[in-house]
Amino acid sequence: MPDISFKLDPKIIIGPETVNRLGGICSEYGSRVVLVTEQVLYENKIIDRVVQVLEDSQVETIVFDEIPPQATAEIAEQVAELARGGRCSAIIGLGGLKTQAISRLASMLKEAGAYLFDLLDGLMAEWNCLPYIAVPTSGRDPFLFSDRFIAVDPRDRSVKIVRTPPGLCVAAIIDSGVSELLSDKFAATVAFDGLCVAIESYCSTKANFLSDAILEQAIASYGHILDSFSENRTFDLVGNSSHAGFLTALGSAVSAPGIGTALAYALNGRFPVAKSWCSTVLLPHIMERLVPARPEKLAKIAELLGEPVTGVPVAEAASLAVDGVRRRMGVLSVPARLKDFNLVLDRLVPVAETARSLDFIAYSPRPITSDEAYDILKQAF
């Protein structure tokens with residue numbers, strides 16, 4: 001068995017009402033912070049609640065809520081300038097994947113003379129950075145506990161890996177009470193998105209017994225969530241989605257996601273299509289590629305999803321995992337083709353090339369070329 005070496009920088013706080021501890025965490029670093037967030041969170045008063053929590057701890061809050069749906073990394077420069085001008089001691093990211101990426105980048109751009117494009121081009125920040133505190137409003141971030149993350153390059157809307165210095169993220173608060181409100185269909189695609197990350201990380205060549213144990217729990221949780229959507233059962237979907245998302249983030253930090261995750265990020269970066277929709281469409285096609293490469297693991301996934309695998313040969317059980325995902329997609333009436341998003345196939349070649357260039361693809365269970373990445377897009381189209 002190969003050695004396992006990993007390190008989680010942030011202090012992780014999980015559970016209902018844990019956002020109430022945010023003020024105490026921030027006060028360890030100073031009395032003024034920038035809260036990076038999304039305007040949609042005003043609708044259920046999440047922003048007001050978080051600001052009140054901070055004020056109760058005598059932490060002055062500067063709110064930055066101007067993150068457009070198709071935001072690129074350049075927004076981080078505006079946040080960093082605001083933090084410098086306000087003499088802030090930390091940056092809080094309250095929101096989804098893009099908000100977290102922009103918050104991380106802004107923390108790394110604190111110093112005058114720190115250039116965004118240097119970071120996007122692979123430079124490691126070797127200067128002082130502001131502490132970054134993550135308060136995600138949706139789970140499934142494969143890089144929440146990683147030393148890298150994905151950002152959208154404003155020069156061409158490609159996605160890039162940005163490496164973070166040790167200790168940048170000082171705390172991560174996982175509180176289902178600050179989860180954004182989603183329609184049933186969108187919430188279902190978020191679950192499929194998390195399931196895609198979990199399955200790819202479970203089948204990665206970087207996987208080990210620790211990541212397997214964590215991700216098996218995540219996969220089973222996502223299966224339970226999707227079945228609950230399908231059957232309209234009474235179930236704490238928000239709370240369980242938060243827990244499944246946490247397990248997925250933790251497991252993928254120990255392992256690595258794959259080409260499906262990369263393609264979903266690349267599509268979302270270039271076109272106005274939600275990443276979760278892209279992952280949902282791509283997931284069965286990714287699983288079909290994993291069947292011959294990781295049949296035993298796909299068979300285990302089928303079991304975790306509740307498919308009837310007792311006494312069934314491994315190869316057949318592996319195919320049942322794919323069938324189970326497709327059946328749930330049909331029951332929940334989520335999009336099954338990329339063409340449903342008004343995309344043009346001829347414009348997807350750069351998407352495939354960008355996805356293939358992301359370094360975590362090296363841990364895919366079978367080699368992936370740009371042509372093969374494009375073939376996956378064609379199959380999903």
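Numbers for residues simply follow the sequence, beginning at 1.
If you take OG on S221 and CZ on F246, they are separated by 12.0 Å, rounding to the nearest 0.5 Å. In this structure, the separation between CZ on R289 and SG on C203 is 12.5 Å, given to the nearest 0.5 Å. Atom OG of S319 and atom CD of E316 lie 7.5 Å apart (nearest 0.5 Å).
Side-chain N or O atoms of R163 include one that pairs as donor or acceptor with a backbone N or O of G122 at under 3.5 Å. S27 places a side-chain N or O within 3.5 Å of a backbone atom of G23 that can act as its donor or acceptor partner. Under the 3.5 Å distance criterion, the side-chain polar atoms of W277 are left unmatched by any main-chain donor or acceptor of L338. With R84 contributing its side chain and L109 its backbone, the two residues share a donor-acceptor pair below 3.5 Å. T164 contributes a side-chain N or O that, together with a main-chain N or O of D147, makes up a donor-acceptor pair within less than 3.5 Å. A donor-acceptor pair is defined here as one N or O able to donate and one able to accept, closer than 3.5 Å; no such pair exists between the side chain of S204 and the backbone of E200. Remark: the backbone N or O of T369 is paired with a side-chain donor or acceptor of E372 at under 3.5 angstrom. The closest donor-acceptor contact from the side chain of E307 to the backbone of A321 lies at 3.5 Å or more, if one exists at all. In this structure, the side chain of D153 does not engage the main chain of V159 through any donor-acceptor pair within 3.5 Å. Here the side chain of S201 pairs no donor or acceptor atom with the backbone of A198 at under 3.5 angstrom.
For residues 342-371, every residue pair satisfying the salt bridge (Lys or Arg N to Asp or Glu O under 4.0 Å) rule, not counting sequence neighbours, is listed here: R148-D359. Screening residues 358-381 for ring-ring contact (aromatic ring centres under 6.0 Å, His included) gives F143-F360 as the qualifying pairs, with residues at least two apart or on separate chains. The side chain to side chain donor-acceptor pair (under 3.5 Å) contacts involving residues 331-344 comprise nothing, where partners must be two or more places apart or lie in separate chains. Sequence neighbours left out, not one pair with a member in residues 19-65 passes ring-ring contact (aromatic ring centres under 6.0 Å, His included).
Side-chain contact check for E126 versus P165: every heavy-atom pair is 4.5 Å or farther apart. Counting heavy atoms from C-beta on, the side chains of I62 and L35 never come closer than 4.5 Å. When side chains are defined from C-beta on, D156 does not count as touching T354, because their heavy atoms never get closer than 4.5 Å. Side-chain atoms of L305 and R328, non-hydrogen and from C-beta on, do get closer than 4.5 Å to each other. The shortest distance between side-chain heavy atoms of F192 and V325 falls below 4.5 Å. A 4.5 Å side-chain heavy-atom check between D121 and K160 finds at least one atom pair inside the cut-off. Between I25 and I173, the closest side-chain pair of non-hydrogen atoms falls below 4.5 Å. Using a 4.5 Å heavy-atom cutoff, the side chains of Q100 and L97 are not in contact.
For the residue pair S276/T189, the side-chain donor-acceptor check at 3.5 Å is satisfied. Counting only N and O atoms by type, the side chains of D48 and Q52 include no donor and acceptor under 3.5 Å apart. Between the side chains of D193 and S279, a donor-acceptor pair is found at a separation under 3.5 Å.
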- Message: Please evaluate residues C26 and I133 with respect to the criterion side chain to side chain contact (heavy atoms under 4.5 Å, CB included), reporting the C-alpha separation (whole Å), side-chain torsions for both, the decisive distance (0.1 Å), and the verdict.
- Response: CA-CA 8 Å; C26 292; I133 300 166; 3.6 Å; yes
- Decide side chain to side chain contact (heavy atoms under 4.5 Å, CB included) for S252 and T261; before the verdict, give the C-alpha distance in whole Å, the side-chain angles of both, and the deciding distance to 0.1 Å. CA-CA 11 Å; S252 62; T261 300; over 6 Å; no
- Query: Under the side chain to side chain contact (heavy atoms under 4.5 Å, CB included) criterion, do K110 and C129 qualify, and how do the steps go?
  - Reply: CA-CA 6 Å; K110 170 199 172 185; C129 301; 5.7 Å; no
- Task: List the steps and the verdict of side chain to side chain contact (heavy atoms under 4.5 Å, CB included) for L94 and T99.
- Result: CA-CA 7 Å; L94 173 67; T99 298; 5.7 Å; no
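The same ILVMFWY cluster, assembled from side-chain heavy atoms under 4.5 Å apart, contains both I199 and L304. Under a hydrophobic clustering in which Ile, Leu, Val, Met, Phe, Trp and Tyr are joined whenever their side-chain heavy atoms come within less than 4.5 Å, directly or via other members, M329 and L298 fall into the same cluster. Hydrophobic clustering of Ile, Leu, Val, Met, Phe, Trp and Tyr side chains at less than 4.5 Å, counting indirect connections, unites V334 with V190. The hydrophobic cluster containing I91 does not contain M108, counting ILVMFWY residues as joined when their side-chain heavy atoms lie under 4.5 angstrom apart, directly or transitively. Follow the hydrophobic side-chain contacts under 4.5 Å out from V36 and you never reach L119; the two are in separate clusters.
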Can you give me every donor-acceptor pair (side chain of residues 66-82, partner residue at least two apart or in another chain, under 3.5 Å) with its distance?
unit_1: Q70; atom_1: NE2; unit_2: F271; atom_2: O; d: 3.3

Residues 209-220 side chain polar contacts: donor-acceptor under 3.5 Å, at least two apart:
unit_1: S211; atom_1: OG; unit_2: N208; atom_2: N; d: 2.9
unit_1: S211; atom_1: OG; unit_2: N208; atom_2: O; d: 3.1
unit_1: D212; atom_1: OD1; unit_2: K297; atom_2: NZ; d: 2.8
unit_1: D212; atom_1: OD2; unit_2: K297; atom_2: NZ; d: 3.2
unit_1: E216; atom_1: OE2; unit_2: Y202; atom_2: OH; d: 2.7

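Ion pair D323/R326 not flagged as a salt bridge, since none of the NZ, NE, NH1 or NH2 atoms sits closer than 4.0 Å to an Asp/Glu carboxylate oxygen. A salt bridge between D175 and R21 is absent, with no side-chain N of the basic residue lying under 4.0 Å from a carboxylate O of the acidic one.
Heavy-atom neighbours of F117 CZ from other residues, nucleotides or ligands within 6.0 Å: above the threshold of 12.
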